[in-house]
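Order of the sequence lines sets the chain letters (A, B, ...), proteins ahead of strands, with each chain counted from 1. Only a predicted model underlies this, so the values are computations on that prediction, with no experimental measurement involved.
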Number of protein chains: 2
Amino acid sequence: MKKVSLGGCDRANPVLPFGFWLPRKLVEGRMYTWNDKPYRCPVEVAFAAVGGKWKCLILWHLHLDKMRFKELERVVPGVSQKMLTQQLKEMERDGLIVKTVFPEVPPKVEYELTERGHSIFPILEQMHGWAIAQFDLKKSAEDE
Amino acid sequence: MKKVSLGGCDRANPVLPFGFWLPRKLVEGRMYTWNDKPYRCPVEVAFAAVGGKWKCLILWHLHLDKMRFKELERVVPGVSQKMLTQQLKEMERDGLIVKTVFPEVPPKVEYELTERGHSIFPILEQMHGWAIAQFDLKKSAEDE
DNA sequence: CCGAATCCCAACTGATACTG
DNA sequence: CAGTATCAGTTGGGATTCGG
């Protein structure tokens, strides 16, 4: 039962997540705004940025190398064009990836990670290790 | 543009997220099963476990100390009874928290983190730091 | 005090068809 | 090749009511 030091926090004056402290009345309202939406904690912002349905897979592939749209569609199993477009747009808006359009026929578009996009990778790797260790995950497909 | 070592991975034989490698045909199917649902990557399992709408706030408060249902309702701003119950149940099922029911009138129920629940905390703290650093988050409420 | 059960609306997701 | 547009199905979440 580890405790974190909080310097006089009590339940009547609740603390805010992860090192922040505010008196009660401020806890009631919204705390952070990101992309025009309210969040109660920066961790929620992080989840919103990289926790989308296909985002961790996309991030992982782009961490290896830049890729074209069609390549991503192939290596992210089960994603639809619509969802892939949507998730890529969001991550571009959030500064995680950059898109390069080549003025050619047929069109060619490449996606690659920004520094910010690369910077989340160590955390994703830790989540990977945590999930493997805690939940004893096994592959359900079988090699043959 | 950092690269991770992959030992001969190419796009025709795509690798799987975060250190796993599988031939193409296996990429097509599901890879992991958790709570009877398919996931393509352990990171997705981690997000499913702790990425729920209110879970990081609940985890944070329970990391400080065990709490009763009503206390949690008070310190998690905006949560409804239904959602609080639902999220607590999921995390109990996933072994992140334990519930203790005291046979009293009126009822008394306490929630506290398990070892597994505590073990995710360092990762959440890193996500907190990452979001703060990357997105320049500011509190939208004002102290006075 | 601690929920379970129900209803209902909004958001998300997928399939399909179409375009430059 | 790299998207957009549209529609339909599913899920998520809030409000309310009821029970132990």
Side-chain angles (χ1 to χ4, degrees), chain A residues 11 28 30 34-40 44 47-58 61-62 66-94 97-112, chain B residues 11 28 30 34-40 44 47-58 61-62 66-94 97-112:
Chain A
R11 294 300 175 195
E28 308 299 332
R30 70 169 71 165
W34 186 66
N35 287 328
D36 299 321
K37 287 195 276 190
Y39 295 89
R40 293 161 296 270
E44 293 184 333
F47 274 107
V50 301
K53 186 168 185 188
W54 310 91
K55 287 183 182 176
C56 83
L57 287 174
I58 296 171
H61 282 292
L62 291 183
K66 62 187 159 195
M67 294 183 78
R68 301 180 59 171
F69 186 87
K70 205 64 176 179
E71 292 180 295
L72 280 170
E73 200 178 354
R74 265 193 295 271
V75 298
V76 178
V79 73
S80 65
Q81 271 195 346
K82 174 188 167 182
M83 287 309 298
L84 184 53
T85 302
Q86 185 187 103
Q87 305 274 293
L88 286 170
K89 268 190 176 172
E90 287 182 15
M91 291 199 289
E92 190 189 4
R93 176 202 62 192
D94 300 335
I97 64 181
V98 285
K99 174 165 114 173
T100 308
V101 180
F102 296 87
E104 304 173 4
V105 177
K108 175 179 170 182
V109 179
E110 277 186 349
Y111 294 91
E112 61 185 315
Chain B
R11 293 301 175 195
E28 308 299 332
R30 70 169 71 164
W34 185 66
N35 287 329
D36 299 321
K37 288 197 275 190
Y39 294 89
R40 293 161 295 270
E44 293 183 333
F47 274 107
V50 301
K53 186 169 184 189
W54 310 91
K55 286 185 182 176
C56 83
L57 287 175
I58 297 171
H61 281 291
L62 291 183
K66 62 187 160 195
M67 294 183 76
R68 300 181 59 172
F69 186 87
K70 206 65 177 179
E71 291 180 297
L72 279 170
E73 200 178 354
R74 265 193 295 271
V75 298
V76 177
V79 71
S80 64
Q81 269 196 348
K82 173 187 169 181
M83 288 309 299
L84 185 53
T85 302
Q86 187 187 102
Q87 306 274 294
L88 287 170
K89 262 191 178 173
E90 288 181 14
M91 293 198 289
E92 189 188 4
R93 175 202 62 194
D94 300 336
I97 63 180
V98 285
K99 174 165 110 175
T100 308
V101 181
F102 296 86
E104 304 174 2
V105 177
K108 175 180 171 183
V109 180
E110 277 187 351
Y111 296 90
E112 60 186 315

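The distance between atom CD of A:Gln81 and atom C1' of C:dC18, rounded to the nearest whole Å, is 11 Å. Taking atom CD on B:Gln86 and atom P on D:dT11, their separation rounds to 13 Å, with Å as the unit. When the C1' atom of D:dC1 is taken as reference, atom CD of A:Glu104 falls 10 Å away, rounded to whole Å. Note: CD (A:Gln87) to C1' (C:dA11) measures 14 Å, nearest angstrom. The distance from atom NZ of A:Lys108 to atom C1' of D:dG3 is 17 Å, rounded to the nearest whole Å. Atom-to-atom, CD of B:Glu90 to P of C:dA4 comes out at 13 Å; the value is rounded to the nearest Å. Straight-line distance from the CG atom of A:Leu84 to the P atom of C:dT16: 18 Å, rounded to whole Å. Atom CG of B:Leu88 is separated from atom P of C:dC1 by 16 Å (rounded to the nearest Å).
Close to D:dC1, at under 4.0 Å from its OP1 or OP2, lies no side-chain N or O of A:Arg68. Contact annotation: B:Lys89 side-chain N/O to C:dG3 OP1/OP2 distance is not under 4.0 Å. Contact check, A:Lys99 against D:dA2: no side-chain N or O comes under 4.0 Å of OP1 or OP2.
Taken over five-pair windows at either terminus, the axes of the helix from C:dC1-D:dG20 to C:dG20-D:dC1 are inclined to one another by 40° (rounded to 10 degrees).
Using a 4.0 Å cut-off between charged side-chain N and carboxylate O, B:Lys70 and B:Glu73 make a salt bridge.
Interatomic distance, CE of A:Met91 versus NZ of A:Lys99, reported as 12.5 Å (0.5 Å rounding).
The residue A:Tyr111 sits close only to the backbone: its heavy atoms come under 4.0 Å of sugar-phosphate atoms, none of a base.
In this structure, the nucleotide among D:dC1, C:dC1, C:dC2 sitting nearest to the side chain of B:Phe69 is C:dC2. Minimum atom distance to the side chain of B:Met83 is reached by D:dG13, of the listed C:dT13, C:dG3, D:dG13. The side chain of A:Lys82 approaches C:dT13 more closely than any other nucleotide in the set C:dG3, D:dA2, C:dT13. Each of C:dG3, D:dG13, C:dG14 was ranked by its minimum atom distance to the side chain of B:Lys53; first place goes to D:dG13.
Minimum heavy-atom separation, A:Cys56 to B:Phe47: CB-CE1, 4.5 Å. Here the closest heavy-atom approach between residue A:Trp54 and residue A:Gln87 is recorded as N-OE1, 3.3 Å. Listed here is the closest heavy atom pair of A:Trp34 and A:Tyr39: O-CE1, 3.6 Å.
Where A:Ser80 and A:Pro107 each meet DNA chain C at their nearest nucleotide, the meeting point lying more 5' is that of A:Ser80.
Take A:Glu90 and apply the side-chain hydrogen bond (donor to acceptor under 3.5 Å, both in side chains) test, not counting sequence neighbours, and it matches A:Lys55.
Using modelled atom types, no side-chain atom of A:His61 and backbone atom of A:Met67 make a donor-acceptor pair closer than 3.5 Å.
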